[in-house]
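Comments concern the structure below.
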Amino acid sequence: MKKLMELMAEEISSAFEKAGYDPSYGRVTVSNRPDLCEYQCNGAMAAAKAYKKAPFMIADDVVAHLGDSRIFSMAEVVKPGFINLKVSGEFLSSYLREMSGDEKLSVTLAENPKTIIIDYGGPNVAKPLHVGHLRSAIIGESLKRIGRFVGHKVIGDVHLGDWGLQMGLIITELKHRQPDLVYFDDSFTGEYPEEAPFTISELEEIYPCASGKSKEDEAYRNEALEATHLLQEGKRGYMALWNHIMNVSVTDLKRNYDKLNVSFDLWKKESDAQPYIPDMVQEMKEKGFAYEDQGALVVDVKEEGDTKEIPPCMLLKSDGASLYTTTDLATIVERMKLYHPDEILYVVDKRQELHFIQVFRCARKTGLVPEETRLSFLGFGTMNGKDGKPFKTREGGVMRLETLIKDINDEMFTKIVENRSVRDKDARETAEIVGLAAIKYGDLSNQATKDYVFDVDRFTSFEGNTGPYILYTIVRIKSILNRYEEEGGNLKEGEILSPVSDIEKNLMMQLTGFGFTVESAFDEKAPHKICAYIYDVSNAFNSFYHETKILSEEDTERKHSYIQLLQLTKRVLETSIDLLGFSAPDRM
Ligand code: ARG
């Protein structure tokens, strides 16, 4: 379905052409003087130079050809040569009727659907999820949903960190605590137990304990490094422990991501890329890209025109161990082989930007990806506390994600029971739904690349630019529609008519923006555009609601029209929040 703005531009362009001017001047924008008009065209100003003619004369010529326009109810020239426009209510309502019948609500599906892998989440096995993982999960999930909605094949991959020193640390600590475990008996050749020798809470205590010790005790640290190395070489007992750690940890991660309404198509991990490393490294050597530098194997990735120094990309350390870069490169090899993506998008903390510059350049230079495959990095900013420093617990420690979610839900619960008298259980469930909206909207309404302040009071407020406010609006519409049905109304009856007030017209105009908003949110990887849009729609709806008697409207056709408009508003808002990764309760 064409966008309203496109239809307007087409109409104006053809008027330019009929008047003897180049149609490309017929661009239309939303008015920056809403007191005078709804839309405007500044093309005559631009054309004046080319045609050496006063802009208002050109504008006059163009407007003369808009007299019988079915799109505009007003086309007026104002000096020095702007064309002020108002859309016809008839046309607007016919547009919304068509939109109501369109499953995609006017979004045009991508002409050439692409296969896009989104690498997001990126938790590390055996370490609890903390707030640092929140943004990647929230932004990545939203982009995945938006990409699918506009017609692409999007594959979400969690890319677990499962191969680093943290594994060696856990193994070492276990060995100190329970040296008699069969996993440490080198003479053991039987089957290892199916049951893990630890629970998730033990695991979560073991890791920080081991990590703390390794910072103070060099011998301990070397032991952990050695254990990591042995694991990576496939030592039987350690592999069995690694499997236990994985199972226990992944179950817990899935539970946590479920709570966030985040899901991955692939649960691939760093270790899955290991088999690809030897051949990849060999080839890079043979092709002359990789060379030895002080014992390490590196590939130069600096380019002409670099304004800052881009150090070589390191493939192997002097002891032959692989690195984060190596794993990411080998993961690209694996992804190309298994999924042939047109694009791989990484949603990772922007402090890792240099790493990705190196990886992308190395992958391109050495031919791991063909020219037409895009590698993109969406580096997000830090989530800060009110003090402007990275978000911490009151005691200054790393905030666990579960704690953060619980705090928000408790705050929402208090607000909800203040608002109404409901059974506790209902209010708890509602608080979880609204709490998630508070967190996700609070995050996504900021441009992803910027740092932002996580402000619990503001995010959980029912007023202002917040998730709860958007949900409140949806719940309000739901309750009107319910009452309408209870009073015997039929939601299918009637159709959207021309607006009778400016406030209604404004809501209608806002609704037409859905398609454009979603498409540009995808093109620019900018979910915050959807947030800004639904905030506008919600404001427009609430003004309409306060000014209009909906259920007590006596003119039946008018009332039906309102009900249709409400249903479309609800669909637009609900579809939008689904793209952002949250949902609305029935009551609040
Ligand atoms: N596990 C990593 C971390 O916690 C993030 C992984 C991001 N994805 C990637 N392909 N490097 O920093």
Side-chain angles (χ1 to χ4, degrees), residues 116-141 143-144 154-170 204 207-208 211 228 242 245-246 249-250 252-253 256-257 262 264-274 276-277 280 313-315 322-339 341 343-364 368-369 373-383 390-391 398-401 448-449 525:
I116 304 169
I117 295 182
I118 307 190
D119 179 315
Y120 70 109
N124 299 310
V125 168
K127 299 188 198 172
L129 284 178
H130 59 80
V131 299
H133 293 113
L134 186 65
R135 296 210 74 190
S136 179
I138 292 180
I139 299 167
E141 178 71 20
L143 289 172
K144 180 186 80 180
V154 188
I155 306 172
D157 182 7
V158 70
H159 196 70
L160 283 177
D162 69 333
W163 211 227
L165 179 61
Q166 87 259 32
M167 291 299 186
L169 284 166
I170 293 167
E204 287 183 352
Y207 171 73
S211 156
T228 312
W242 173 85
I245 301 175
M246 288 301 288
S249 191
V250 167
D252 186 59
L253 285 171
N256 273 291
Y257 281 123
V262 168
F264 300 92
D265 306 288
L266 300 177
W267 279 79
K268 301 284 279 180
K269 36 202 189 308
E270 289 176 352
S271 64
D272 288 322
Q274 301 306 309
Y276 297 89
I277 293 179
M280 178 184 82
C313 186
M314 213 196 271
L315 292 182
S322 57
L323 302 106
Y324 188 40
T325 351
T326 331
T327 306
D328 263 327
L329 286 165
T331 303
I332 293 179
V333 174
E334 184 188 31
R335 286 175 176 161
M336 291 314 297
K337 181 169 169 224
L338 302 182
Y339 311 104
E343 177 172 358
I344 309 177
L345 166 65
Y346 297 80
V347 184
V348 184
D349 193 312
K350 74 178 171 200
R351 286 169 289 193
Q352 293 194 23
E353 185 175 12
L354 180 59
H355 165 77
F356 284 100
I357 293 179
Q358 292 175 307
V359 168
F360 292 178
R361 285 187 180 185
C362 183
R364 274 226 186 278
L368 298 188
V369 288
T373 298
R374 267 176 77 178
L375 296 172
S376 18
F377 172 64
L378 177 60
F380 51 81
T382 309
M383 180 175 139
F391 201 85
V398 177
M399 173 77 110
R400 287 181 59 145
L401 196 53
T449 50
K525 302 190 168 78

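Each ligand, and each atom within it, is numbered from 1 in the order the structure gives.
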- request: Have a look at ligand 1 and work out which part of Asp328, if any, has a heavy atom under 4.0 Å from it: side chain, backbone, both or neither.
  value: side chain
Under the side chain to side chain contact (heavy atoms under 4.5 Å, CB included) test, residues paired with Glu353 that sit two or more places apart: Ile357, Phe377
field: Residue Phe356 vicinity, atoms of ligand 1 by number, heavy atom under 4.0 Å
entry: 9 (C), 11 (N)
message: I'd like to check which ligand 1 atoms, numbered from 1 as shown, lie under 4.0 Å from a non-hydrogen atom of Val348.
response: 7 (C), 8 (N)
- prompt: Salt bridge between Glu343 and Lys525, side-chain N to carboxylate O under 4.0 Å?
  reply: yes
Heavy-atom pair of closest approach, residues Thr228 and Trp163: CG2-O, 4.3 Å
- line: Tightest non-hydrogen contact, residues Ser136 and Gly121, listed as OG-N, 2.8 Å
message: I'd like to know if Lys144 and Glu141 make a salt bridge, using a cut-off of under 4.0 Å between side-chain N and carboxylate O.
response: yes
- request: Check ligand 1 against Gly122 and write out every atom of the ligand that is under 4.0 Å from a heavy-atom position of the residue.
  value: 1 (N), 2 (C), 3 (C), 4 (O), 5 (C)
- prompt: Of all the non-hydrogen atoms in the protein, which one sits nearest to atom 6 (C) of ligand 1, and at what distance?
  reply: Tyr324 OH, 3.4 Å
message: Distance under 4.0 Å to a non-hydrogen atom of Tyr346: what atoms of ligand 1 satisfy this?
response: 10 (N)
- request: May I ask you to check whether Tyr346 and Phe360 place their ring centres under 6.0 Å from each other?
  value: yes
- line: Shortest non-hydrogen pair, Tyr120 vs Val347, comes out as CB-CB, 4.0 Å
field: Side chain, backbone, both or neither: the part of Asp349 lying under 4.0 Å from ligand 1 by heavy atom
entry: neither
query: So is Gln352 close enough to ligand 1, meaning a heavy atom under 4.0 angstrom away?
result: yes
task: Would you mind running through ligand 1 and noting each atom that sits below 4.0 Å from a heavy atom of Asp119?
output: 8 (N), 9 (C), 10 (N)
field: Identity and distance of the protein heavy atom lying nearest atom 4 (O) of ligand 1
entry: Asn124 ND2, 3.0 Å
